[in-house]
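In each ligand, atom 1 is the first atom listed, and ligand 1 is the first ligand listed. The analysis underlying the following values was restricted to heavy atoms, covering all of them including side chains, and did not include hydrogens, waters or symmetry mates.
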Amino acid sequence: MSILVTGGAGFIGSHACVELLDHGHDVVVADDFSNSFPRALDAVRRVTGRAVPAHAVDLRDAHGLDEVLGSHDISAVIHFAARKHVGESMSIPLEYYDVNIGGTISLLRAMAAHQVGRLVFSSSCSVYGDQYRRPITEDDPTAPVNPYARSKLICEQVIESACALTGLRALSLRYFNPAGAHPSGLLGESPRGAPSNVVPVLMKVAAGQLGKLTVFGADYDTPDGTAIRDYLHVMDVARAHRLALEHLEDAPGMRVLNLGTGTGLSVLELVRACEEACGADIPYVITDRRPGDVARLVADAGLARRAWGWHASHDVRSILRDAWRFEQMFPRGLGGSERDRGSE
Ligand code: WQD
């Protein structure tokens with residue numbers, strides 16, 4: 001029996017593959033490689049010593065997806081594949097709804113056709129919107145304020161309907177801000193094109209590939225005026241997905257869990273932490289807010305701790321140190337060549 005990981009060549013998906021393989025699971029990847037590189041799966045093999053069968057497929061391609069599920073004995077699905085940038089979703093909302101919601105509906109149909117009744121879904125803290133100045137629990141009302149976040153909340157509602165209809169058991173993991181890299185430096189956040197998330201952007205500034213960080217807004221209602229987020233090590237996120245697989249049988253229907261550290265950091269605090277971790281100055285310029293952004297998103301991660309014994313075991317220094325190691329080994333990301341360690 002294998003675990004199908006959609007988006008398994010992506011940032012969180014590839015790290016989740018490492019965690020699953022290292023703990024004896026067999027894994028199959030379905031990825032359209034629109035925002036990832038097949039070399040991420042070579043890196044997974046290098047780190048784990050285990051190969052990963054992969055299929056290049058857009059989840060909205062019902063025939064292609066049917067072929068994937070028909071050619072492996074799939075016991076559960078972890079569904080990462082999605083467009084994931086708040087700012088981008090404001091400019092191409094229909095693409096976000098089509099890919100994220102259309103892809104999820106197509107996946108649910110294929111799972112039902114192949115009697116696959118277990119799903120872990122990659123959701124987002126952005127569903128909570130701009131309401132909270134305190135750590136957020138799973139019972140707090142949602143109020144998404146951008147198409148990316150709305151697409152994630154709608155996917156949760158679609159999955160709930162599928163659970164009621166087919167007896168599917170699902171867990172939706174609402175990530176706060178995953179960042180960092182595998183401690184080996186062989187795997188990390190490597191999007192196609194320019195990075196959009198703040199930590200990979202900071203790595204490019206520290207490496208001198210970008211002249212400065214653009215800080216999107218310093219007029220938020222926060223101590224230093226810049227937005228606060230709950231940065232979480234990608235290996236902690238990966239471990240949570242393995243635990244989620246082990247807890248899918250706990251209850252019928254769909255349950256929601258927040259994945260965060262419970263500690264918030266402003267953009268300027270992150271800049272200072274990055275300067276320390278990378279030993280480099282981080283020049284920045286402050287501009288207007290990014291459309292769709294919110295002031296503060298920090299998790300109350302108590303439920304995952306009580307239910308699974310899961311809590312974040314890495315702090316922001318560890319996140320930045322691991323991200324920096326990956327940046328130095330792969331200055332052009334996984335689409336480029338590995339830096340010859342001998343040249344240092
Ligand atoms: C963080 C903060 C920006 C870039 C989203 C999803 C979340 C996760 C990560 C999937 C914000 C500021 C950013 C820059 C900046 N997705 N920023 N300059 O939007 O909080 O979270 O992506 O796993 O689920 O909600 O992440 O890293 O883009 O932004 O000032 O060049 O950094 O305004 O305050 P975000 P981010």
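With distances taken over non-hydrogen atoms, the option nearest atom 35 (P) of ligand 1 out of Val205, Asp293, Asn177 is Asn177. Among Tyr148, Phe11, Tyr231, the residue whose heavy atom sits closest to atom 10 (C) of ligand 1 is Tyr148. Nearest-heavy-atom check against atom 23 (O) of ligand 1 across Phe80, Tyr175, Tyr128 picks out Tyr175. Comparing His85, Arg229, Arg290 against atom 29 (O) of ligand 1, the shortest heavy-atom distance belongs to Arg290.
Contact atoms of ligand 1 toward Ser126: 25 (O) (distance under 4.0 Å to a heavy atom of the residue). For ligand 1, the atoms closer than 4.0 angstrom to any heavy atom of Pro178 are 23 (O). When each atom of ligand 1 is checked for a heavy atom of Val215 under 4.0 Å away, the hits are 30 (O).
In terms of protein heavy-atom proximity, atom 4 (C) of ligand 1 is nearest to Ser196 O, 3.4 Å. Looking only at heavy atoms of the protein, atom 34 (O) of ligand 1 is closest to Ala227 CB, 3.2 Å. Scanning the protein heavy atoms around atom 18 (N) of ligand 1, the nearest turns out to be Thr214 O, 2.7 Å. Taking atom 8 (C) of ligand 1 as the reference point, the nearest protein heavy-atom neighbour is Phe176 O, 3.9 Å. Among protein heavy atoms, atom 13 (C) of ligand 1 sits closest to Val198 CB, 3.5 Å. Looking at atom 12 (C) of ligand 1, its nearest protein heavy atom turns out to be Val267 CG2, 3.9 Å. Nearest non-hydrogen protein atom to atom 9 (C) of ligand 1 is Asn197 ND2, 3.6 Å. Protein heavy atom nearest atom 24 (O) of ligand 1, with residue, atom name and distance: Ser124 OG, 2.7 Å.
With a 4.0 Å heavy-atom cut-off, ligand 1 is reached by no atom of Leu297.
Counting heavy atoms of neighbouring residues, nucleotides and ligands inside a 6.0 Å radius, atom CZ of Arg332 does not exceed 12 of them.
Taking a 4.5 Å side-chain heavy-atom cut-off between Ile, Leu, Val, Met, Phe, Trp and Tyr, the cluster of Leu59 extends to Leu4, Val28, Val57, Leu65, Val68, Leu69, Ile74, Val77, Tyr97, Ile101, Ile105, Leu107, Leu108, Met111, Val116, Leu119, Phe121, Ile154, Val158, Ile159, Leu168, Met254, Val256. Other residues sharing the hydrophobic cluster of Tyr132, ordered by chain and number and joined by side-chain separations under 4.5 Å: Val127, Tyr128, Ile136, Val145, Leu153, Phe176, Val294, Leu297.
Here Phe80 contributes atom CZ and Ser14 contributes atom OG; the two are 9.0 Å apart, rounded to the nearest 0.5 Å. Taking NE2 of His15 as the start and NE2 of His241 as the end, the distance is 12.5 Å to the nearest 0.5 Å. Expressed to the nearest 0.5 Å, how far CD of Glu327 lies from CG of Asp322 amounts to 13.5 Å.
Geometrically, ligand 1 and Ser123 share no nitrogen or oxygen pair separated by less than 3.5 Å. The N/O atoms of Phe216, backbone and side chain alike, include one that comes under 3.5 Å of an N/O atom in ligand 1.
Arg169 contributes a side-chain N or O that, together with a main-chain N or O of Glu249, makes up a donor-acceptor pair within less than 3.5 Å. Between the side chain of Asn35 and the backbone N or O of Arg192, at least one donor-acceptor pair lies under 3.5 Å.
When only modelled atom types and interatomic distance are considered, His247 and Asp250 share a side-chain donor-acceptor pair under 3.5 Å. A donor-acceptor contact closer than 3.5 angstrom links the side chains of His79 and Thr6.
Residue contact check for ligand 1: Ile12 places a non-hydrogen atom closer than 4.0 Å to it.
Here the closest heavy-atom approach between residue Ala299 and residue Pro135 is recorded as O-CB, 3.6 Å.
Checked against a 6.0 Å centroid threshold, the rings of Phe326 and Phe330 count as neighbours.
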